[in-house]
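A short worksheet on the structure shown next.
Remember, it's a predicted structure, so these values are computed and weren't measured experimentally. By convention in this document, chain letters (A, B, ...) are assigned in the order of the sequence lines, proteins followed by strands, and residues within each chain are numbered from 1.
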Amino acid sequence: MTDEPAKTTIEDAYDPQAIEPKWQALWAKERAFAVPNPKPGRPEWNERSTYVLEMLPYPSGELHMGHVKNYTLGDVVAHFRRRGGWKVLRPMGYDAFGLPAENAAIKEGGQPREITERNIGRIREQMQRMGWAIDWEREISTHTPEYYRWTQLLFLKLFERGLAYRKESLQNWCPKDQTVLANEQVVDGRCERCGSEVEKRSLEQWFFRITDYAEALLDEMSLLEQWPERVLTMQRNWIGRSEGAEVVFRVENTEIDVPVFTTRPDTLFGATFFVLAPEHPLVAELVAGRPEEEAVRAYVKQAQGRSNIEREEKAKDGVFTGRNMVNPVNGARIPIWVADYVLMEYGTGAIMAVPAHDERDHAFARQYELPIVQVIAPREGEVDVQVEAYVSSSPDDVLVNSSEFSQSPSPEAKRSIINWLGAVGLGDAKVSYRLRDWLISRQRYWGCPIPIVYCDKCGIVPVPGSELPVLLPEISDFLPKGRSPLATAEEWVQVKCPSCGGEARRETDTLDTFVDSSWYFIRYCDPHNAEAPWDRQIVDHWMPVDQYIGGVEHAILHLMYARFFTKALADMGMLGFREPFARLFTQGMIHYRGAKMSKSKGNVVMPNPYIERFGADAVRLNILFMGPADQDAEWQDSGIEGTSRFLGRLWRTVLEAADKPMSSKVTPLARKAHQTIAKVTDDIDRRFVFNTPIAAVMELVNEINRAPQDPGARFAAETAVSLIQPYAPHIAEELWQRLGHERLWIEPWPTYDERLLEQEAFELVVQVNGKVRDRLPASVAASEEQLVELARSSPRVAPYLEGKQIRKTIVVPRKLVNLVVG
RNA sequence: GCCGAAGUGGCGGAAUUGGUAGACGCGCUGGACUCAAAAUCCAGUGGCCUUCGGGUCGUGUGGGUUCGAUUCCCACCUUCGGCACCA
């Protein structure tokens, strides 16, 4: 089609429905955005290259405006970089395993695979209709054996390294989805997906040892200079690092030692009782055969019946065990209680209670009339710890009632008490984390099978790498029954032990889908490799991702898991970098009718009806024109009408200019065009803002219309087309062609002439005592003295100077003169 | 409770290094074109006052620094987000 005469004969109307498919077809035919991997050693290996990536979509069948914003942002960056001379890797794929497809199969029948693949077909078509510049030759989907075979291999690698393990523990159980949930998937005690109240169940499950990487996840944030501070803060909060001490208490008249974690070793002399979590393994042993046994058992049973929400909302309660602890610092006997305000999951599941300096312990002490002993005091003033706990971390606090440590400042006492404990072997400095290991097994069907076999003789046996993938069998009944639906596939479950050849059974749980999406960005670099998950040399060439773009809702889950994977794989020598995403941009959410878009609220806005009415270019332009991309924004139909109108204006303006000759004269329009290039380039490149460049191009187009006689009109029009191309590529290509050119998408990004950024004349603002009194035309060449003279001679300024003395004169070159009078 | 972000016309927003507050767009008002409408184009559009020259107030609130503050500092209010029985 580029062989045709460049310019059509008539000035037809802007018709996105005609031009958009035309250019999309050409891009596909020319493989315009495909980027083959370079070969090491060849010249192309050393070309400037960059990796622009947006978060992997779940293929729900319908694209919504959140997707549109995400992928259009990436598109603008990718186009901008490509035209800036970079080779741009920009792939796309699908996070295709997961509950929605499985639930749809339960509700409407059919196979999750069929439903998913149908949805992928639909969403792919809609993405292509948006005209995004994607290398479709690298498309992947996490549900295909070609992909999950490697997910399984990576699981085995982590298993070999001891980073994947099985343990029995109390878990979050969603009664509706009939599966366990990772800690991160429980929000306010409810299932993140369906909102059901989460129950506790003791189950044997698979985990990834992400806690081994807690320190690295914190420390290596220094490699993430370009990440939004709020995301880093959220991850820091989530990891929840606390420094303190582990202190060992001994049960009186026994040899049973119980460690506790405390951030306040300086309060050790104030410990007046001791509390075990109801789930603590020692509870039964301590009360066995004692008069308190029955009451304690009853309390533990009652506590286990309570959800986390109930535990938190009720008043603190507990029960005395009849046993005592010995405080290691002073030998004091303190009673041992069991109470559910102490969590088994954190620290050691046991605490030393210091009611004088901890609100929770204080409330408990008041409830059961336990003694409250003050051991920390402010340097000045009095506090009454009987009334209220004195919780302070002021370095000015000093210890009291603490034997030889009394009068020590609190920070110093922390250190010296830890040292003392270390010397006598009863404690040590210790760091504790809120972060728990990542629970990865799910009792659901539509996920990646865990490549593990259970053998009575050999125990847990990994499936050998050569036997991967462990294919997900097709079954007919997906209804959750509290165990994995895969358990019903008897023939599949029965297997020979890879180790001894005897009878064995397959693992029937599947992997959390966050595992699938924790490495997809690596696979994109080498998506068709059939021998290995990737070739390290190729991956190291592209990675880390230079610009990652996605929703802030993934600030913790996905982003932390992906970071963990990358570090673990780097430690195994499989990668040459430790952080997957060098720069991160988190976009704000699209709201509609005053609320977040959500299926349950029925306010999901889809781009399709708008594409039909206004075209993809208008949709793309509008989603970025709405406001700063990192902020939430409300979708409004009136907005897209405006952007669509602008495209019509651009169309007419450019076609009119296309009849005019190119001129290199320095005219006001030529200057404006150069200024616009500078503005748009700086905004996208340095400031990473996407709404103001659109406004700048709008201004330029308005200027062209106001000055049709300016010889710079054609240059300005070509500039406008070129600058809007990353946002609205179809209309830009069409106009570029009608301007007599070809293939704007590979055209170098326009450059500007510094000398043309300044106008010859400017409007001098004249202030008197900081108030604007006049605006006068002035030359940029004028000296400061000339400007002051100009200002003083203004008739509008004169009345304000009358009878006054000018005390000070401030001149801002090319801007203003301020006369200070008094 | 702790941590973080943000408050600017009727609306979305702009103002990048302390220097003309309100760019750009929506909406609204008036006009042109039309038999009429749509589309398009032109002009106006922060509040109050006005003798139509202009004056005055104005960026959540109250202070401060400065010749000059949406921008910097202090205190507070509101909204949103994250964390929260984590010892």
Side-chain angles (χ1 to χ4, degrees), chain A residues 13 187-188 228-238 240-242 244 260-264 267 275 308 311-314 316 339-343 345-354 357-361 363-364 391 432-436 552-553 555-556 588-589 621-622 625-628 630-643 645-646 648-649 652 679 682-683 686-687 689 691-699 701-702 705-706 762-775 796 807-822:
Chain A
V187 177
D188 291 333
E229 195 52 46
R230 63 179 166 153
V231 173
L232 297 178
T233 304
M234 281 190 226
Q235 292 208 356
R236 267 188 219 107
N237 285 346
W238 190 262
R241 183 181 195 277
S242 322
V260 298
F261 174 75
T262 176
T263 55
R264 295 299 303 270
T267 64
V275 188
N308 278 1
R311 283 190 180 194
E312 225 176 296
E313 281 171 355
K314 69 172 176 57
K316 290 199 176 13
D340 65 3
Y341 81 91
V342 172
L343 309 175
E345 303 93 273
Y346 184 77
T348 62
I351 62 156
M352 63 176 211
V354 184
H357 306 291
D358 181 285
E359 281 170 20
R360 297 153 300 180
D361 297 343
F364 195 81
V391 184
S432 192
Y433 300 92
R434 203 192 78 106
L435 182 71
R436 316 277 155 78
V552 73
E553 65 273 19
I556 297 169
M589 270 182 297
L621 203 59
N622 188 244
F625 186 60
M626 283 161 64
D630 57 350
Q631 281 172 33
D632 292 355
E634 169 87 11
W635 177 268
Q636 274 167 352
D637 290 357
S638 57
I640 191 164
E641 283 168 26
T643 32
R645 229 176 277 170
F646 162 69
R649 209 155 61 236
R652 288 185 299 275
K679 163 80 178 160
D682 186 53
D683 279 359
R686 182 182 62 84
R687 297 216 296 157
V689 295
N691 52 334
T692 46
I694 301 172
V697 175
M698 285 174 169
E699 267 189 76
V701 172
N702 291 347
N705 282 325
R706 272 184 220 125
F762 73 100
E763 198 178 55
L764 177 73
V765 171
V766 182
Q767 296 181 333
V768 177
N769 287 348
K771 290 201 183 215
V772 179
R773 294 305 176 186
D774 201 3
R775 297 182 170 99
R796 292 196 175 177
R807 298 182 182 280
K808 202 171 174 184
T809 309
I810 286 124
V811 181
V812 181
R814 289 168 198 182
K815 285 237 166 73
L816 63 76
V817 168
N818 186 11
L819 304 171
V820 184
V821 301

Task: Per-nucleotide pairing state of RNA chain B [Watson-Crick or G-U, under 3.5 Å; [ ] pseudoknot-crossing; | other strand] - done: (((((((..(((......[....)))((((((.......))))))((((....))))..(((((..]....))))))))))))....
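Contact annotation: A/Arg236 side-chain N/O to B/C83 OP1/OP2 distance is not under 4.0 Å. For B/A23, neither phosphate oxygen OP1 nor OP2 lies less than 4.0 angstrom from any side-chain nitrogen or oxygen of A/Asn702.
Across all strands, A/Gly642 comes closer than 4.0 Å only to sugar-phosphate atoms, never to a base (heavy-atom distances). The residue A/Val342 sits close to a base: some heavy atom pair falls under 4.0 Å. Heavy atoms of A/Ser242 sit under 4.0 angstrom from primed sugar atoms or phosphate atoms, though from no base atom.
Look at CD on A/Gln767: it is 17 Å from P on B/U66, rounded to the nearest Å. Rounding to whole angstrom units, CG of residue A/Leu621 and C1' of B/C24 are separated by 12 Å. Taking atom CG on A/Asn622 and atom C1' on B/G25, their separation rounds to 9 Å, with Å as the unit. Summarising the geometry, the separation between CZ on A/Arg241 and P on B/A87 is reported as 12 Å, rounded to the nearest angstrom. Atom CH2 in A/Trp635 sits roughly 13 Å away from atom C1' in B/C26 (whole-Å rounding). Across the protein-nucleic acid pair, A/Asn818 atom CG and B/G19 atom P stand 13 Å apart, rounded to whole Å. When the C1' atom of B/C26 is taken as reference, atom CE of A/Met698 falls 10 Å away, rounded to whole Å. Regarding A/Met589, its CE atom lies at a distance of 12 Å from the C1' atom of B/G82, rounded to whole Å.
Against the 90° criterion about 0, the sugar-base torsion of B/G53 places it in the syn range. B/G7: glycosidic angle beyond 90° from 0, hence anti.
The closest side-chain heavy-atom distance from A/Asp361 to A/Ile351 is below 4.5 Å. You'll find the side chain of A/Phe762 stays beyond 4.5 Å of the side chain of A/Lys815, heavy atoms only. Between A/Met589 and A/Val552 there is no side-chain heavy-atom pair separated by less than 4.5 Å.
With sequence neighbours excluded, no residue satisfies salt bridge (Lys or Arg N to Asp or Glu O under 4.0 Å) with A/Glu553. Scored by the side chain to side chain contact (heavy atoms under 4.5 Å, CB included) test, A/Glu641 finds A/Arg613, A/Phe614, A/Arg645 as partners (sequence neighbours excluded). Residues meeting the salt bridge (Lys or Arg N to Asp or Glu O under 4.0 Å) test with A/Asp637, sequence neighbours left out: none. Listed by chain and number, the residues in a salt bridge (Lys or Arg N to Asp or Glu O under 4.0 Å) with A/Glu229 are A/Arg236 (sequence neighbours excluded). Judged as a ring pair (Phe, Tyr, Trp, His ring centres under 6.0 Å), and not counting sequence neighbours, A/Tyr346 has no contacts. With sequence neighbours excluded, no residue forms a side chain to side chain donor-acceptor pair (under 3.5 Å) with A/Thr348. Evaluation of the salt bridge (Lys or Arg N to Asp or Glu O under 4.0 Å) rule for A/Lys316 yields no partner, not counting sequence neighbours. Annotation: side chain to side chain donor-acceptor pair (under 3.5 Å) contacts of A/Asp632 (sequence neighbours excluded): A/His591.
With hydrogens and angles left out, the side chain of A/Asn237 and the base of B/C83 share no donor-acceptor pair within 3.5 Å.
Ranking B/A87, B/G25, B/C26 by closeness to the A/Ser638 side chain, first place goes to B/C26. When distances run from any side-chain atom of A/Lys815 to the nucleotides B/G19, B/G53, B/U20, the shortest one goes to B/G19. The side chain of A/Val820 lies closest to B/C67 when the candidates are B/G25, B/C67, B/G82. Distance from the side chain of A/Met234 is smallest to B/G81 among B/G81, B/G4, B/G19. Taking every side-chain heavy atom of A/Val812 into account, B/G19 is the closest of B/C26, B/G19, B/U20.
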Polar pairs (N or O, both sides) under 3.5 Å between protein and nucleotides 38-49 of chain B?
{"from": "B/U40", "atom 1": "O3'", "to": "A/Arg652", "atom 2": "NH2", "distance (Å)": "3.1"}
{"from": "B/C41", "atom 1": "OP1", "to": "A/Arg652", "atom 2": "NH2", "distance (Å)": "3.4"}

Would you tabulate the pairs of protein nitrogen or oxygen atoms and nucleotide nitrogen or oxygen atoms of nucleotides 56-60 of chain B closer than 3.5 angstrom?
{"from": "B/U56", "atom 1": "OP2", "to": "A/Arg773", "atom 2": "NH1", "distance (Å)": "3.2"}
{"from": "B/C57", "atom 1": "OP2", "to": "A/Lys771", "atom 2": "NZ", "distance (Å)": "3.2"}

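Across all their heavy atoms, A/Gln235 and A/Ala555 have their closest contact at NE2-O, 2.8 Å.
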- [ ] Produce a footprint string for nucleotides 12-18 of chain B: one letter per nucleotide, 5' end first; B if the base is under 4.0 Å from any protein heavy atom, S if only the sugar-phosphate is, - if neither.
- [x] BSSSB--
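Of the C1' atoms belonging to B/C52 and B/G62, the separation is 37 Å, rounded to the nearest Å.
The side-chain contact (heavy atoms from CB on, under 4.5 Å) test with A/Pro628 singles out one residue from A/Thr692, A/Val689, A/Asn691, and that residue is A/Asn691. Among the candidates A/Asn818, A/Val765, A/Leu816, the single residue satisfying the side-chain contact (heavy atoms from CB on, under 4.5 Å) test with A/Val772 is A/Val765.
A side-chain donor-acceptor contact under 3.5 Å links A/Asn769 to the backbone of A/Val821.
Under 4.0 Å is where a charged nitrogen must lie from a carboxylate oxygen, and between A/Lys314 and A/Asp340 at least one such pair does.
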